[in-house]
Each structure stands twice: as C-alpha cells, then as structure tokens.
Amino acid sequence: QKEVEQNSGPLSVPEGAIASLNCTYSDRGSQSFFWYRQYSGKSPELIMSIYSNGDKEDGRFTAQLNKASQYVSLLIRDSQPSDSATYLCAVARNTGKLIFGQGTTLQVKP
Amino acid sequence: NAGVTQTPKFQVLKTGQSMTLQCAQDMNHNSMYWYRQDPGMGLRLIYYSASEGTTDKGEVPNGYNVSRLNKREFSLRLESAAPSQTSVYFCASSDEGDIQYFGAGTRLSVL
C-alpha cells in the first residue's frame, strides 16, 4: 500500500461543473495536508493547505479533511479550462518531510 | 523576490559523466529538499536538509550526494550519471513542517 494514494485519472469534467479529487493516506500521525497544482512542464504550486478536520474554502477551491477515515479531498467549483492540470496531494510527517501521491490529471472540457 | 532558483534548466549527459545541480532560495527558509519526478511516480524525495549543516537521505538517495553550502544554497551532485537518472529534478524550501515552495526544475537526460 502506498503511503499516499490518488486516482491517476484522467478525470474529465465539463466547464462549469464541480471537480472532486480524492486522496487517502496511511500514516495516522500525519498532521498537515496540501494540494499542489502542476501544469504540464511546470513546477508544483500550492493551492490549498489544511491542518484540521472539516472544510477549508478559498475562492472556488474547498479542501476537506477527515482524519478518522484518513482521506483528504479537493473540490473545484465552476471548473474552468485553465484548471486543467495535475493535482498532487501531499501529506506531512512529523519530521516535516512531505509524501506525495502520484497525482490526478484533471481535464476541463469547454 | 526570486523564491527558489535552480540551475541549469536543461542538461544532457553521457553515462558516467558527473554534474552538480544548483539550488538557491531567498526566503530565509531553514529546510531545503531535492526531489525527482518521473512519469506516473509523483515526486520522490532524494535528500533533504532540515537546517544549515545537516543533510539526510530521502526515499531514493542512491547515486546522489548533496551539500548544504549555507542557509541559501543546497546542491545535488551526480558523480557518475546513469540512464536511470534521467528525470526532472525539483528543489524546494520551507520553514519547518510548513508549505514547500518549488523551483522551476532541471530536466536531465542521461544518454
């Protein structure tokens, strides 16, 4: 079992729809959780961080964390073609090191 | 404010050649990291440095060495490049346990 697992996709949604990206992790001691977006040929950029159970909203993005079930998700409302990218879930160990999932490719079709 | 700067952006090596990838950050972060990214594999940690003067192995350290030259700079060295080291390499920095910021990456091909 991988420490951080994501469905590699591609996940295809029509423009204006809600995209739902999911991530599960195996280390119950994990405290910090991050979603990075990576456009093709570019470096990862942080879009959301979440540290406690529940929802965290930032514009069209909502991160959801459920530590009991060991999953974290990212919802993108009103998806735009510019949201088409690979989304990386990352989980921080207590050492500060991040463990990344393999990423989910999102395609938003006009 | 440049953030994290990596050089070079592209490099082609022959098997057995050596090279050093350079990374510098201007955010006064204590921690710095080197990752490699291969198709379908996500980002895998090669080495990291929690603070100036310390380094530690990550998930895939074989074939690499690192130097934390000072608080700003963290270099990655390939002593004898192999085709299996063809990859995209990213440097990142962070305050302890917090958000990591990435450089633009180095695309390395080993023939």
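Worth saying up front: this structure is predicted, and the values here are computed from it rather than measured.
From A/Leu46, atom CG reaches atom OG of B/Ser94 across 11.5 Å, with rounding to the nearest 0.5 Å. A distance of 12.0 Å separates OH of B/Tyr101 from CD of A/Glu45, quoted to the nearest 0.5 Å.
Residues of residues 8-16 of chain A lying under 4.5 angstrom from chain B, judged on non-hydrogen atoms, do not exist. Contacts with chain A (heavy atom to heavy atom, under 4.5 Å) involve these residues of residues 43-59 of chain B, listed by number: B/Leu43, B/Leu45, B/Tyr48, B/Lys57.
A/Tyr36 places a side-chain N or O within 3.5 Å of a backbone atom of B/Gln100 that can act as its donor or acceptor partner. The backbone N or O of B/Gly103 sits less than 3.5 Å from a side-chain atom of A/Ser43, completing a donor-acceptor pair.
Hydrophobic clustering (side-chain heavy atoms under 4.5 Å, transitive across Ile, Leu, Val, Met, Phe, Trp, Tyr) groups A/Tyr87 together with A/Val72. A/Leu75 and A/Phe61 are not part of a single hydrophobic cluster, where members link through side-chain heavy atoms under 4.5 Å apart. When the side chains of ILVMFWY residues are joined at heavy-atom separations under 4.5 Å, either directly or via intervening members, B/Leu76 and B/Val88 end up in two distinct hydrophobic clusters. When hydrophobic clusters are built by joining Ile, Leu, Val, Met, Phe, Trp and Tyr residues whose side-chain heavy atoms come closer than 4.5 Å, directly or via intermediates, B/Val66 is not grouped with B/Tyr33. Residues A/Phe34 and A/Ile47 do not share a hydrophobic cluster, clusters being chains of Ile/Leu/Val/Met/Phe/Trp/Tyr side chains in contact below 4.5 Å.
Contact between A/Gln38 and B/Phe90 at its shortest, heavy atoms only, is NE2-CZ, 3.7 Å.
Between chain B and the options A/Thr105, A/Leu98, A/Ile99, A/Leu88, the largest number of non-hydrogen pairs under 4.5 Å is found for A/Leu98.
Counting heavy-atom neighbours within 6.0 Å of A/Ile18 CD1, excluding the residue itself, gives a total of 12 or less.
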